[in-house]
Structure formats: structure tokens, C-alpha cells
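Every chain is numbered from 1 and lettered A, B, ... according to where its sequence line falls, protein lines coming before strand lines.
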Amino acid sequence: MVQITLPDGNIRDYDGPVTGLQVAQDIGPGLAKAALAVVVNGEQWDLTRDITTDADLSIITRKDEDALELLRHDAAHVLAEAVKELYPETQVTIGPAIENGFYYDFARPEPFTPDDLEKIEARMKEIVARDEDIVREVWSRDDAVKFFRDMGEEYKAEIISDIPAEQDITLYRQGDFIDLCRGPHLPSTGKLGDGFKLTKVAGAYWRGDSNNEMLQRIYGTAWPDKKQLKAYLNRLEEAEKRDHRRLGRELDLFHFQEEAAGMPFWHPHGWTIYQEIQTYIQRKQREYGYKEIKTPQLVDRKLWEQSGHWDKFREHMYTSESDERVFALKPMNCPCHIEVFNRWQVSYRDLPLRLAEFGSCHRYEPSGALHGLMRVRSFVQDDAHIFCREDQITSETENFIKMLLEVYEDFGFEDIKIKFSDRPEMRAGDDDVWDRAEADLKSAIDKLGLDYTLNPGEGAFYGPKLEFVLTDTIGRDWQCGTLQLDFVLPERLDATYIAEDGQKHRPVMLHRAVLGSFERFIGILIEHYAARFPLWLAPVQVVVTGITSDQDDYVRDVAAKLRKAGIRVETDLRNEKINYKIREHSHAKIPAIFVAGNREASEQTITIRRLGSKNQETLDLSDAIHSIIEEAKAP
RNA sequence: GCCGCUAUAGCUCAGGGGUAGAGCGCAUCAUUGGUAAUGAUGAGGCCGGUGGUUCAAUUCCACCUAGCGGCACCA
């Protein structure tokens, strides 16, 4: 007897082992047709796998959220099957489902071309049409290793060899293709449907290690049906329009050029945004008890040797030689901040001491890492270092996170991921110091009740860190804010304060940044707002223009009043029609266009058209100016 | 850094072994038009850089540089 309990509480009894498919058929033929897999006691199973004990069971159809991953995983297998059919000399490796799609890594001497991709996709469609059964098989590990090795699939054999010898493994067979897989899978290739598409080929290291050979990764996207596939492709297209690199060019915010790869040239409009943000942060920091300093760009290598940066990051530091001394352009500000701290005789009464700097840093980033404003070689951090006692870590962490959340909220960010990164393999400091640092930081965030994910081994070399991650328009994550706990650098650079006992003690140092780098943050911000900035950030806040040239004097007069009130205003006195000017300034994402015709000029009024609205509103000039001034205030 | 792709006018892009083309933008002229493109005329290019093949290279090949998509890296 096998008793199956369905999600609605319904119980079905069977004489012997039963499959999910049979249960679905008993409920209705429509369901059986739509079924992709089942969940047996909370675990996903193949539809055709025998259930031998009493179980809770629910059926996954392609409408379910869970179906997506199954579908994508199947798509990866079909991709591999297609590749093996077309290019039998290729070795298969791994192919998981990922966000929005799937990929499969192949080993093959010749590169796959875009043409190949089309052929492969066509073959995948054939395989779907063939509707091959996907069959689960249980093998012993050693048999499987031998099987794949005999087939010349060295990578597969290696993966399986890493599984404990006594453990049985599952293989899935579809047509002539057989692959190691935990499963579950759809019952047949036909269930994949037509909602998939191959998107790109890229290199990827075997086992994610750059010491290993490079494989070829084919990416694809997969959805329950063609309509959803199209919707996804549309979303991508829309997202591309808000790419900060594109908007940066279109709106004349900044540029890059070959002679200074990875180092932005800020144009007036981009620089305006930059400065507004800096002023805003400056005010915030004063409010939160920071003191602002400025330290040198170029510092003797001795200091970097002492701090440990030379040892670990020498390859990524720009250097310069003068008078037979080697200097490095600072890649971080912390050592300089400690030097400032060390110039003072600090009492425990002075702690916590918070030193902030808009620190201009240079790092020689690997060429392949550069990415618009998001990953650059010269950037400015809203950096600060908090020197405190260990018992102040929790309150300082709270204080910082409160400030960070306020700032992010002012910029309209709600989706913030927090990651906790602990000790990396390459690190400075003893393990008991790391134990303490990790415990301190963790207890501080636990106390705040924040959700975070663990990021094992990703901490800085001197301490564990919290990362505050924002997402760009096509879903790529970027670390912006950070909080890093450091017991190591104060030691290395011999920072001390005088405690109640009159003796020298070692302060703890917190490295922290809210925006991270201005460059990256502005990149994210451009995409976040699609360059339709709120008034306080907009490079040009108001354009004043006339209907005809008769109003030129009035237009100049209005603009002068706005300018005097601190509004960033431009006039448009060109001999163009109003339609043309509205269109152009709308494209330029100017938040407010002030239009004056004869009526406005004679009545001292102005007609306002706001970005994103087709409406116009005529106001008294002085009222209009006052309300713009109010709205243009930074939060 | 690694794999692949790309580099033509300010921008977006077409072209192709015999030194180039479109649209938008720009300039000039006409037009003074009430809220998303007025018309005409014109200017604008060492076809990313360096070598090679060739009678001839922007086009084919190699290398370099930069960008794009990933991977690796990210103090």
C-alpha cells in the first residue's frame, strides 16, 4: 500500500509503487499532459520515478515557478545533445540552469562561431521535435567513471571521480545522449517547447580556476513559451536603452578614451551630478560626526610595504620613480588615514574618531575587468575610517548602517543586498584576531536584524567585511557600500591611543564607504533613474524658451532670475519651432521646460512642461520660481 | 589577464582589393511657428595604430591598442 497525500489534503491509495505521472493521470488527463515533474515529500522527482512509500505529493506544471528551473536545466541537456550530434569530438562538462536561462561548458579546440550557434539552436529544435524520452538510470560510481572515460569524456569522468566511491549516481539518457545529473528532468525533450534561444558564446575556465584551461560556454535563455521568451528579449532591449555608457554619451555626461583606459573624463553635466552628490554626502557625514581630511596621491612604497599592500597588490598599483625613490599612486586611503591618526596623541575620550576623505584612488585593474563607470582604474571613494575600541564596534556599525540606509533611501534604492564576507585564504593577522573580528561584526548586524547572505572567504586581507550590493539594469550586481573591520592595519602601522589606565592601546579600525566609488554609484544611478534625475541632481534643471523671437528678452529675464536663485538653467533662443525644442529637451531629459509666448511675457507668467508629462501649466513667474527652488533642494 | 566578437563622419550604421555612403546631428539661408522632427543648401573621413601580401589595402593577413560579451580578478 502506498498512500499519496495531495496538496489539497486529498488522499489516494495505491496497491504498490506508483509514479507521479500515474497519479496525475488519475486526477485528469489534462494534468498528466501538463505535468513536468513532481514534488515528493518536499523533494523534486521525475514524473516516472516509482514512489514506494507513503508520501506528500504535488505536481509541477509549466505554469509553476519551479518549472522554470527544470525547463532551463533540460534546455542545457538538449543543448549538449545537439552539440554532441553536430560536433562529436567535443567533450561535455557541466551545464546548469541560471537566472533567466542556462549554459553548458564544452571543451573543443575550435571556437564556436555565431554561425555554429544558429546550427546548434536549429538542432535543438529538432531534438525537441523528436520528443525523446528522458530516462533516469542509477549507476555505480566506478562504472560511470569507466563509461565516460571510455567515451573520451575526460571532464565528466573527472567530475564523477570526485564523488565518493560508494555513492551511486544518476545518469539521464535522452536519445543517444547520456549525462551525469542529479535530476530531476522533464519526461521527454518535447516538453521543453519553443521558448528558448541561444544567446552567446564565451570563454570560461574549467572549474572556475584561471590556472585551468578555458572551455567554451554557450549561454541560452529559456521560458515556458515563446511569448515569455519574447517578453524577456524585449526587457533586455529596454534595459540596453538605460545602459549608463549609452546615456553617458547621449547626454554628454562623461567619456572614455584609449589614452586613459578605465579613467573617466567628466563633462560639465556629469560633473554637476558628481558634485551635487559630494556636497550631499559631505553634509551627511558632518551630521554623523565625521571629520574630513585630504591626503596625498603619491606615497613612498615604504608605507605600502608596511601596510601589506605592496606584498599583496603590487601588480595592481601604479608606480612612479623620482630621485631613485619609488612611489605608488594610492590604491586606498587607509594607510594615509592612520598616518594622520598617528600624528595626534589620541585619548580614549576622543574615540570613536571618524576620519573621512573623498579619496582619489588608482588601481591597475585587469583590462578585462573594465566596465564603463562600474569598474574603472581611477575613482574617488566616499571613504572614511573609524578608529574605536572593540566595545564600540557594535554602535559604530549601527551608526554607519543607519546613515547608509538613509542615503540609499534618498536616492530611491530599495533593493539592497547585504553580503557578509569572512576570512580569505590569503590574509594578514592571526586566527584568533579573525575569530574576534568576525564575531564582532556578525553580532553587530545580527543586533540590527538585517538580512544578509554569507560570502565565505571573500573578506579583505585585513578583515571581514559587509558589502552593500546594488544591481544594474540588466541584473548584474555591483558592490557599492562596504564596512570592513580591521584589527591588522592599526597593528602594522602602529596606531595607538591612551586608555583610562594611562597605557597605550591598539584601536580597532572600521573601513567604510556608503557610495563606494562616485564613479560606480553614478553609473548605477544613471541606470536607476534612466537619466531622468530628480531635480536636485539634474545637470540642467530648467530650460527657458520662447514661442517666437519676440519673447527673447523675457526669456533671458526669466533665466536670469532662476540663475540668481541658484537654479541650473539654460535658455534656448534658437530659431526653431516650439515642437522641435520640446522634443529635443525632452530627449535631453530636462526636468522642466519653461515656455513663454506673448501672453506670458505680457502677464509675467510662465508655462511649464514637466518631463514625462504632456500637460502644461501656466503659473505666475514668481510662484513658478519659488516652487522650483523648493523642489531643487537636496534631501 | 584569458576566450570570442568588434573598430568607417560628432552619433547610429551600410559598404567593399582601384583612397567612401545613409539617417540624425552640425553650419548657412529662408521661415516667427503655442508644446515630441519647417524647408533648402552645404561642410564634415589618414575607414583605431603598426607592419605584411599585392601593380594597388579602408577592404586580405599578422601584431598592437581600445571597446563589447563572458570567465578569472576586485585591497
Side-chain angles (χ1 to χ4, degrees), chain A residues 103 105 110-114 116-117 199-219 243 245-246 249-250 252 255-262 304 307-317 330-335 361 363-372 374-377 381 424 426-428 458-463 465 467 474 476 478-479 482 484 486 488-489 511 516-517 520 545-552 575-587 593 595-600 607-609 611 613-616 618:
Chain A
Y103 69 77
D105 285 348
E110 306 81 54
F112 289 114
T113 65
D116 293 337
L117 231 57
T199 50
K200 56 200 171 196
V201 220
Y205 296 107
W206 166 236
R207 302 205 143 164
D209 185 337
S210 57
N211 296 313
N212 292 341
E213 63 274 33
M214 185 154 268
L215 307 173
Q216 294 184 68
R217 177 171 295 178
I218 297 179
Y219 281 94
D243 187 306
R245 293 164 297 187
R246 174 181 178 147
R249 193 184 322 111
E250 287 175 358
D252 197 21
H255 87 263
F256 289 95
Q257 66 187 51
E258 226 173 284
E259 290 80 356
W304 305 110
S307 70
H309 290 93
W310 193 261
D311 213 29
K312 188 155 194 294
F313 292 107
R314 203 234 144 312
E315 293 302 308
H316 300 283
M317 288 163 73
K330 69 175 169 186
M332 316 182 65
N333 308 298
C334 33
C361 297
R363 297 179 186 173
Y364 186 74
E365 300 285 4
S367 57
L370 301 180
H371 183 96
M374 307 296 201
R375 191 79 182 270
V376 287
R377 288 178 171 156
Q381 295 174 309
M426 285 256 290
R427 59 179 181 262
E458 298 293 316
F461 76 88
Y462 45 69
K465 65 178 180 182
E467 289 173 45
I474 53 174
R476 288 181 283 215
W478 299 96
Q479 180 199 308
T482 181
Q484 305 169 4
D486 182 2
V488 173
L489 285 183
H511 306 238
S517 89
R520 176 176 294 178
T545 190
I547 300 289
T548 71
S549 53
D550 289 346
Q551 296 90 43
D552 282 2
N575 177 12
E576 295 292 351
K577 292 185 175 172
I578 188 65
N579 287 304
Y580 181 90
K581 292 190 280 196
I582 293 290
R583 177 183 153 87
E584 186 164 284
H585 296 126
S586 298
H587 280 310
I593 308 173
V595 180
N598 276 331
R599 211 166 52 234
E600 288 84 351
T607 298
I608 300 174
R609 177 170 168 142
L611 183 60
S613 163
K614 285 191 189 320
N615 299 330
Q616 343 168 3
T618 304

Taking the side chain of Ala204(A) as its heavy atoms from C-beta onward, which of C26(B), G33(B), C71(B) lies nearest to it?
C71(B)
Please classify the nucleic acid contact of His585(A) as base, sugar-phosphate, or nothing, using heavy-atom distances under 4.0 Å.
nothing
Checking contacts here: which listed nucleotide (A75(B), U35(B), G69(B)) is nearest the side-chain heavy atoms of Tyr462(A)?
A75(B)
How far does the C1' atom of U54(B) sit from the matching atom of A40(B), given to the nearest Å?
46 Å
Arg377(A) side-chain N/O to Glu365(A) backbone N/O, donor-acceptor pair under 3.5 Å
yes
Quiz item: Arg375(A) side-chain donor-acceptor pair to C74(B) base, under 3.5 Å:
yes
Which part of the nucleic acid does Ala460(A) contact within heavy-atom distance under 4.0 Å: base, sugar-phosphate only, or nothing?
sugar-phosphate
So which heavy atom on Tyr462(A) is nearest to which on Val488(A), and how close?
O-CG2, 3.5 Å
Report the residue (Leu370(A) or Tyr364(A)) whose heavy-atom-nearest nucleotide on RNA chain B is the more 5′ of the two.
Tyr364(A)
Taking the C1' atom of each, how far is G1(B) from A37(B), in whole Å?
48 Å
If you look at every strand shown and take non-hydrogen atoms under 4.0 Å, does Lys465(A) touch a base, only sugar-phosphate, or nothing?
sugar-phosphate
Please compare Glu458(A) and Gln257(A) by the position of their nearest nucleotide in RNA chain B and report the one closer to 5'.
Gln257(A)
Atom CZ of Arg314(A) and atom P of C74(B) are separated, to the nearest Å, by 18 Å
At 4.0 Å (heavy atoms only), tell me whether Arg476(A) reaches a base, stays on the sugar-phosphate, or touches nothing.
sugar-phosphate
Out of G4(B), U35(B), G1(B), which nucleotide sits closest to the side chain of Pro111(A)?
G4(B)
Nearest-neighbour nucleotide for the Met214(A) side chain, A36(B), A75(B), G70(B) considered
G70(B)
Give the nucleotide from the list U32(B), U38(B), U35(B) with an atom nearest to the side chain of Ser549(A).
U32(B)
Return the stacking result for A37(B) and Tyr580(A): yes when the ring centres lie under 5.5 Å apart and the planes under 30°, no otherwise.
no
Got a donor-acceptor contact below 3.5 angstrom from the Arg427(A) side chain to the Pro424(A) backbone?
yes
Non-hydrogen atoms of Gln216(A) and Glu110(A) that approach each other most closely
NE2-O, 2.8 Å
Rounded to the nearest Å, what distance is computed from the CG atom of residue Leu117(A) to the P atom of nucleotide G70(B)?
15 Å
Verify, without hydrogens or angle tests, whether Gln551(A) (side chain) and Thr548(A) (backbone) share a donor-acceptor contact under 3.5 angstrom.
yes
Gap in Å between the two C1' atoms, one belonging to C73(B) and one to C26(B), rounded:
43 Å
Could you please name the option among G34(B), A72(B), U65(B) that lies closest to any side-chain atom of Ser210(A)?
A72(B)
Could you pull out the closest heavy-atom pair between Ile578(A) and Gly546(A), with the gap in Å?
CD1-O, 4.3 Å
Students often get this wrong, so: under 4.0 angstrom with heavy atoms, is Asn211(A) touching a base, only sugar-phosphate, or nothing?
nothing
Any base atoms under 4.0 Å from Glu576(A), or only sugar-phosphate, or nothing? Heavy atoms, all strands.
base
Which is true for Tyr219(A) with a 4.0 Å heavy-atom rule: it touches a base, it touches only sugar-phosphate, or it touches nothing?
sugar-phosphate
Using a 3.5 Å cut-off on both pairing distances, which stems of three or more Watson-Crick or G-U pairs include RNA chain B?
B:1-7 with B:65-71, B:10-13 with B:21-24, B:26-30 with B:38-42, B:48-52 with B:60-64
Take atom P in A20(B) and the same atom in C46(B), then report the distance between them in whole Å.
12 Å
Tell me whether Arg375(A) contacts the main-chain N or O of Leu370(A) through its side chain, where contact means a donor paired with an acceptor under 3.5 Å.
no
Please measure how far the C1' atom in C5(B) lies from the corresponding atom in G39(B), and state the result in whole Å.
43 Å
So Thr113(A), base contact, sugar-phosphate only, or nothing? Heavy-atom distance under 4.0 Å.
nothing
Within the 4.0 Å heavy-atom criterion, would you say Gly546(A) contacts the bases, only the backbone, or no part of the nucleic acid?
nothing
Interatomic distance at P, C13(B) relative to C55(B), whole Å
37 Å
Let's see if you can work this out: which of C68(B), C74(B), A75(B) has an atom nearest to the side-chain heavy atoms of Met332(A)?
A75(B)
Taken to the nearest whole Å, CD/Glu250(A) to P/C24(B) is 17 Å
Say you pick atom C1' in A72(B) and the same atom in G10(B); how far apart are they, in whole Å?
37 Å
Among G67(B), U35(B), G69(B), find the nucleotide with the atom closest to the side chain of Ile582(A).
U35(B)
Do Arg217(A) side-chain atoms and Ala202(A) backbone N/O form a donor-acceptor pair below 3.5 Å?
no
For the residue pair His309(A) and Trp304(A), does the interplanar ring angle fall in the parallel (under 30°), tilted (30 to 60°) or perpendicular (over 60°) class?
perpendicular
Between U38(B) (C1') and Ile547(A) (CD1): distance, integer Å:
15 Å
So which heavy atom on Phe112(A) is nearest to which on Asp116(A), and how close?
CA-OD2, 3.4 Å
What integer distance in Å separates Met426(A):CE from A75(B):P?
12 Å
How is Arg609(A) classified with respect to the nucleic acid when contacts are heavy atoms under 4.0 Å: base, sugar-phosphate, or nothing?
base
Of the non-hydrogen atoms in Phe461(A) and Met426(A), which two are nearest, and what is the gap between them?
CB-O, 3.9 Å
Using a cut-off of 4.0 Å on non-hydrogen atoms, how would the nucleic acid contact of His511(A) be classed: base, sugar-phosphate, or nothing?
nothing
Atom CG of Asp116(A) and atom P of G4(B): how far apart are they, to the nearest Å?
13 Å
Could you walk me through whether Arg245(A) and Asp243(A) satisfy the salt bridge (charged side-chain N to carboxylate O under 4.0 Å, His left out) test, starting with their C-alpha distance in whole Å, then the side-chain angles of each, then the deciding distance to 0.1 Å, before giving a yes or no?
CA-CA 5 Å; Arg245(A) 293 164 297 187; Asp243(A) 187 306; 2.6 Å; yes
Can you tell which of G33(B), A75(B), G69(B) lies closest to the side chain of Thr548(A)?
G33(B)
Determine the Euclidean distance between corresponding C1' atoms of U53(B) and C60(B); express it in Å to zero decimal places.
8 Å
Could you state the CD1-C1' distance from Ile593(A) to A36(B), rounded to the nearest angstrom?
9 Å
Using a 3.5 Å distance criterion without hydrogens, assess whether the side chain of Gln484(A) forms a donor-acceptor pair with backbone atoms of Ala460(A).
no
Within this structure, what is the NZ-to-P distance between Lys581(A) and U32(B), rounded to whole angstrom?
14 Å
Scan Glu600(A) against the nucleic acid and name what it touches under 4.0 Å (heavy atoms): base, sugar-phosphate only, or nothing.
base
Closest to the Ala261(A) side chain: A75(B), G34(B), G67(B)?
G67(B)
Distance-only side-chain donor-acceptor flag, Thr607(A) / Glu600(A), under 3.5 Å:
yes
Protein-nucleotides 12-14 of chain B N/O pairs under 3.5 Å:
unit_1, atom_1, unit_2, atom_2, d
U12(B), OP1, Arg249(A), NH1, 2.8

